Amino acid sequence: MLFAAMIFCLPVFADEGMWLPLLLQQNQEDMQRSGLRLTAEDIYSINQSSLKDAIVQFGGGCTGEVVSPQGLLLTNHHCGFDYIQSHSSVEHDYLTLGFWAQSMQEELPCPGLEVRFLKEMRDVTEAVLEGLSDDMPEAARQDSVKARSGRLREEFAGANIDVRVLPFYYGNQYYMFVYEVFKDVRLVGAPPSNIGKFGGDTDNWMWPRHTGDFSVFRIYADSNNMPAPYSPGNKPYEPKKYLKIDLRGYEEGDFTFVFGYPGRTQEYLSSFGVEQVLKVEDPMRVAARTARLEVIKAAMEKDPATRIQYAAKAASIANGWKKWMGEIKGIERINVPGSKRDYEKVFQDWAGSVSGAPYSGVLPALKSAYQEMEPYLTEAVIFQEHTIAPEIVPFAYSFQRLCQASKEQDKLEETLARCRAAAEKFYKDYNPEVDRALFETMMALVPAQDRMSDAEIKKMAASFYEKSLFASPQKMMTFLDKYKAADYKTIEKDPVYAYADRVYGEYSKSVYPMLMQCRKTIDSLQRLYMKGQLALKESGAFAPLLAGGQKKLVLSNVGSSRFYPDANFTLRVTYGKVQGFTPADAVRYRHYTTLDGIMQKENPDIYDYVVEAKLKELYAKKDYGRYANALGEMPVAFIGTNHTTGGNSGSPVLNGDGNLIGINFDRNWEGTMSDIRYDPEMCRNIMLDIRYCLFIIDKFAGASRLVEEMDIIE
Ligand code: ARG
Ligand code: GLU
């Protein structure tokens, strides 16, 4: 009993939290107690090379890691997807068949793709906030912050250097990030989609999972090993650090940490904020997407060409849809609004006791700010999920630049060429009939106050899809081929263009600016609320909330002894352990999956579950080489209690020695509410086992030249 109580009193941070590597010293003891055999300095240092030097921001929303002395990079298949697709054609269908460069000469340049190494991060709170007070007018405060951040950026600027100054804890602190940007990044390899996307949207956000979600790139640099634009003469980049790969696997309970770029979390919202997500935003988006996906899926099932055209679009619509459904369920299951309200009562009482009562008004003010925002939020969601769901609407609107260039006679040729290219790309994956069904369905489902009558919708659909230039690929391409400046009048008279121009105009005039204004107000209130929460924690007055049976009711992050800043796509360490979970009564999920599970899911008639002949052959012969686990199985994926979110895709999963054992790629459905509230019992991150990744590269694809570059521990 006493013993149990003592354990309870130890400050345990593990599981929840996304920690700034710069401050990792504060977690070192806890991490070491949990199984880390490194120091904080081994993970993040600006004086010597450290693990951080092997981590990159990959493109605009993922993470990647360097795994060889020649700049070889691993990330997820879904992170490399666009680049794999852009190199694909009917003759070279790399998406379907996979791609493996046989030599460095065959590695494919990816225009537009950038990776960034963090050179340094610094606390610049003083420089940014000095002399600014909480009661000064918000606009003046923001102006100062902007000017001071700008000066810092100038001071640290340099060739191929990108400097960012970002708010933490809603602007109570500021950090500066100095990145080195590499622009010559080439595609080296990708498994076929039925490995890289195995299980597709059906298995997305779910455990047990069997997706080989990885792709391989390489960073190139100039002859001085410096960043340079693409040039055939560039050389593989020699990194300051690359990760070693450990094939010895893990046991349940083993320590792991994930080092990468989580995108966005909102752990410190008020009950009003959570209620709005739960009751307004998520349900509206889910309902709209359910209808939208039904239309698209029905069309995809009817026709194989449509299936290809709409596959990627359906995947991205479904990704958010499924996540929000899980989020609603999770928030309800652990009653987040209720526990936030309990916490807010304590906060409010305490606020009254603070001298000058600076925090007493913040919760009531937040409440009314959310009320004020709600109508704009609703309008914005209608616009995003209904109005512009028929693709013809945003597409037509993109012709505004052509009208403008025509009227101004400025850069007309260039704009026309861009529009023509955009039109080709758009029509390749566009079916006017499907889009018409989308228009009719999504308009009919607009919430009452804004809905048109059925007759109006029908009439509009007829004029759009039977008369508009935009609904006819042939007419549009001919029109563009013969385009002269005066033809902008034809565009402006087009029914779809006129409609798009009107709805975008209304949105950008009477919805978006108001919504932004409300968000700004909420953000500045959150800043004060956050400051209050930090002060409350310091005061210890929240302790009664943690006592006994109430503990579960309380914000879990209030229970930990240190707050962590919400994710904002900056480099973080999150750590936990390999662990299964219990999603429902009597159901226990094991912590890893194997190739046996792929064979159990196999179904040649269902696109998501087709298994490659070569993979079946390796399975039949149990030809796993050195990649099998101790039981002789081929492990595929595993789960743990690392607190991750979107953006952590592609992040390295490291063991206690800092060696690579997996690649993060998803979370479990039962735990997607962790962006708002982390529940250690139910939240798991999903990781690709590095042994499956190497097995596919080596045994399946025969790309052993890549494995030879790596430093492998067996
Ligand atoms: N759920 C993962 C993430 O949020 C994977 C998404 C890509 N896969 C898919 N089937 N849509 O990014
Ligand atoms: N698939 C997500 C990503 O692309 C990671 C899953 C999550 O949201 O945790 O970043």
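Numbering of ligands and ligand atoms starts at 1, following listing order. Residue numbers start at 1 and run along the sequence shown. Computed from a predicted structure; not experimentally measured.
- In terms of protein heavy-atom proximity, atom 2 (C) of ligand 1 is nearest to Asp666 OD1, 3.3 Å.
- In the vicinity of Thr645, heavy-atom distances shorter than 4.0 Å reach the ligand 2 atoms 7 (C), 8 (O), 9 (O).
- For Arg684 (side chain) and Gly580 (main-chain N/O), a donor-acceptor pair under 3.5 Å exists by modelled atom type.
- The Ala315 neighbourhood of ligand 1 comprises atoms 11 (N), with distances under 4.0 Å to a heavy atom of that residue.
- A donor-acceptor contact under 3.5 angstrom links the side chains of Glu612 and Asn194, judged on distance only.
- Less than 4.0 angstrom separates some heavy atom of Trp205 from each of these atoms of ligand 1: 1 (N), 4 (O).
- From the protein, the heavy atom lying nearest to atom 4 (O) of ligand 2 is Ser649 OG, 2.4 Å.
- Ring geometry for Phe117 versus Phe182: interplanar angle over 60°, hence perpendicular rather than tilted (30 to 60°).
- The protein heavy atom nearest to atom 10 (N) of ligand 1 is Asp201 OD1, 3.0 Å.
- Heavy-atom contacts of Gly647 reach the following atoms of ligand 2: 3 (C), 10 (O) (cutoff under 4.0 Å).
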>> Between Tyr268 and Phe563, is the ring-ring contact (aromatic ring centres under 6.0 Å, His included) condition met? List the steps.
In response: CA-CA 10 Å; Tyr268 303 96; Phe563 278 169; 5.2 Å; yes
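- Residue Arg667 has at least one N or O atom closer than 3.5 Å to an N or O atom of ligand 2.
- At a 3.5 angstrom cut-off on N or O pairs, Gly61 does not count as close to ligand 2.
- For atom 5 (C) of ligand 1, the closest non-hydrogen atom on the protein side is Asn204 OD1, 3.4 Å.
- Among the atoms of His78, some N or O lies under 3.5 angstrom from an N or O of ligand 2.
- Annotation: Tyr427 is in aromatic contact with Phe395 [ring centroid separation under 6.0 Å].
- Counting the atoms of ligand 2 from 1 in the order shown, those under 4.0 Å from a heavy atom of Trp205 are 6 (C), 7 (C), 8 (O).
- For atom 3 (C) of ligand 1, the nearest protein heavy atom (residue, atom name, distance) is Asn319 ND2, 3.7 Å.
- Ligand 1 has Gly200 within reach: a non-hydrogen atom of the residue lies less than 4.0 Å from it.
- If you look at Phe638 and Tyr250, their ring centroids are closer than 6.0 Å.
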> For Arg667 and Ser674, what are the C-alpha separation, side-chain angles and deciding distance, and is it a side-chain hydrogen bond (donor to acceptor under 3.5 Å, both in side chains)?
Replying inline: CA-CA 9 Å; Arg667 272 176 291 163; Ser674 65; 2.9 Å; yes
>> As a quick check of understanding, evaluate side-chain hydrogen bond (donor to acceptor under 3.5 Å, both in side chains) for Glu65 and Tyr242, giving each step before the final call.
In response: CA-CA 8 Å; Glu65 53 274 4; Tyr242 62 90; over 6 Å; no
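- In terms of protein heavy-atom proximity, atom 12 (O) of ligand 1 is nearest to His78 NE2, 3.3 Å.
- Between Asp608 and Lys601 there is no salt bridge, since no side-chain nitrogen of the basic residue lies less than 4.0 Å from a carboxylate oxygen of the acidic one.
- In terms of N/O distances under 3.5 Å, ligand 2 is not approached by Cys62.
- The aromatic ring centroids of Tyr94 and His87 lie 6.0 Å or more from each other.
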